[in-house]
Amino acid sequence: MTTAKSDSTTDDQHQVHVRMRATRASIEVGGHDISDCIGAYTLHQTAGQPTQMVLQVSAQTTSAGILDGLARVVVGEPPHPGDAAATFLSAIDPGQLEQAALRRHDLMTGGPHEMTRVMLTQLVEWAQGTAAATQEAPVG
């Protein structure tokens, strides 16, 4: 368990308390626990600058969060995955993808669209970093 604290020292900083556990964190801002309202958070520290904390409100939240006081608020949307997918796919060598798909043990099932299915499975494994070492993602 790790604890991160930031104390108010200027007008645009607020006391935060983050207690990180394996898969969940408890987050307090100004003494109020807002953990149930938060889907993700990011802490960023640049030398000589105050710590920045970005909170993303959970889409599944059912409780009303409490924030009493002033805060610097930045609202944004999660990045669209299309750009990342396009970058990843453009780096794939078609010949190496075909060879990796042909070497797969699950190719010989005889099902419809079998080659397309194993190629998509191979791409997913490369993207997640779960492909076998002999099937490393080809970077062009």
Side-chain angles (χ1 to χ4, degrees):
M1 178 170 48
T2 305
T3 301
K5 277 192 174 182
S6 174
D7 294 319
S8 291
T9 57
T10 67
D11 290 340
D12 64 346
Q13 293 181 25
H14 301 277
Q15 183 176 358
V16 299
H17 182 87
V18 179
R19 184 172 303 224
M20 295 171 269
R21 296 183 179 93
T23 60
R24 182 107 172 108
S26 75
I27 301 170
E28 292 181 15
V29 177
H32 297 283
D33 187 344
I34 60 170
S35 305
D36 291 339
C37 302
I38 303 303
Y41 70 96
T42 304
L43 293 173
H44 180 77
Q45 176 70 52
T46 302
Q49 299 293 318
T51 302
Q52 290 183 333
M53 179 179 217
V54 177
L55 302 172
Q56 295 178 9
V57 178
S58 173
Q60 290 84 24
T61 189
T62 57
S63 61
I66 299 171
L67 178 62
D68 185 13
L70 301 173
R72 181 182 302 162
V73 177
V74 178
V75 178
E77 295 181 16
H80 189 276
D83 292 337
T87 300
F88 171 76
L89 292 172
S90 67
I92 300 296
D93 179 285
Q96 289 184 348
L97 173 59
E98 182 177 33
Q99 290 302 311
L102 289 170
R103 288 191 303 265
R104 291 183 63 89
H105 65 82
D106 56 349
L107 178 60
M108 303 303 178
T109 63
H113 314 293
E114 184 175 46
M115 187 64 168
T116 303
R117 181 186 51 78
V118 295
M119 285 182 153
L120 290 171
T121 300
Q122 185 67 50
L123 289 168
V124 167
E125 290 177 2
W126 280 342
Q128 294 175 334
T130 59
T134 59
Q135 298 176 349
E136 291 180 8
V139 178

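Just so you know, these numbers use all the heavy atoms, side chains as well, and skip hydrogens, waters and symmetry mates.
- Met119 and Leu102 fall within the same hydrophobic cluster, defined by Ile, Leu, Val, Met, Phe, Trp and Tyr side-chain heavy atoms under 4.5 Å apart, directly or through other members.
- Nearest heavy-atom pair, Tyr41 versus Met20, reported as atom, atom and distance to 0.1 Å: OH-CG, 2.9 Å.
- The distance from the CD atom of Gln99 to the CD atom of Gln122 is 11.5 Å, given to the nearest 0.5 Å.
- Under the side-chain hydrogen bond (donor to acceptor under 3.5 Å, both in side chains) criterion, Glu28 pairs with no residue, sequence neighbours left out.
- In terms of the side-chain contact (heavy atoms from CB on, under 4.5 Å) criterion, residue partners of Leu89 (sequence neighbours excluded) are, by chain and number, Leu123.
- Residues satisfying the side-chain contact (heavy atoms from CB on, under 4.5 Å) test with Ser35, not counting sequence neighbours, are Arg24, Ser26, Ile27, Asp33.
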Side chain to side chain contact (heavy atoms under 4.5 Å, CB included) for His17 and Val29? Distances and angles first, verdict last.
CA-CA 7 Å; His17 182 87; Val29 177; over 6 Å; no
Apply the test side chain to side chain contact (heavy atoms under 4.5 Å, CB included) to residues Thr116 and Leu120: give CA-CA distance (whole Å), side-chain angles for both, the deciding distance (0.1 Å), then the verdict.
CA-CA 6 Å; Thr116 303; Leu120 290 171; 4.0 Å; yes
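- Closest approach of Asp106 and Arg104 over heavy atoms only: OD1-NE, 2.9 Å.
- We find the OG1-CG distance between Thr87 and Asp83 to be 6.5 Å, quoted to the nearest 0.5 Å.
- Residues Phe88 and Ala127 approach most closely at CZ-N, 3.7 Å, considering heavy atoms.
- Under a hydrophobic clustering in which Ile, Leu, Val, Met, Phe, Trp and Tyr are joined whenever their side-chain heavy atoms come within less than 4.5 Å, directly or via other members, Met115 and Val124 fall into different clusters.
- For Gln49, the side-chain contact (heavy atoms from CB on, under 4.5 Å) criterion is met by Thr46, not counting sequence neighbours.
- Here the straight-line distance linking atom CD1 of Ile92 with atom CH2 of Trp126 works out to 5.5 Å at 0.5 Å rounding.
- A salt bridge does not link Arg103 to Glu98: none of the charged side-chain nitrogens sits closer than 4.0 Å to a carboxylate oxygen.
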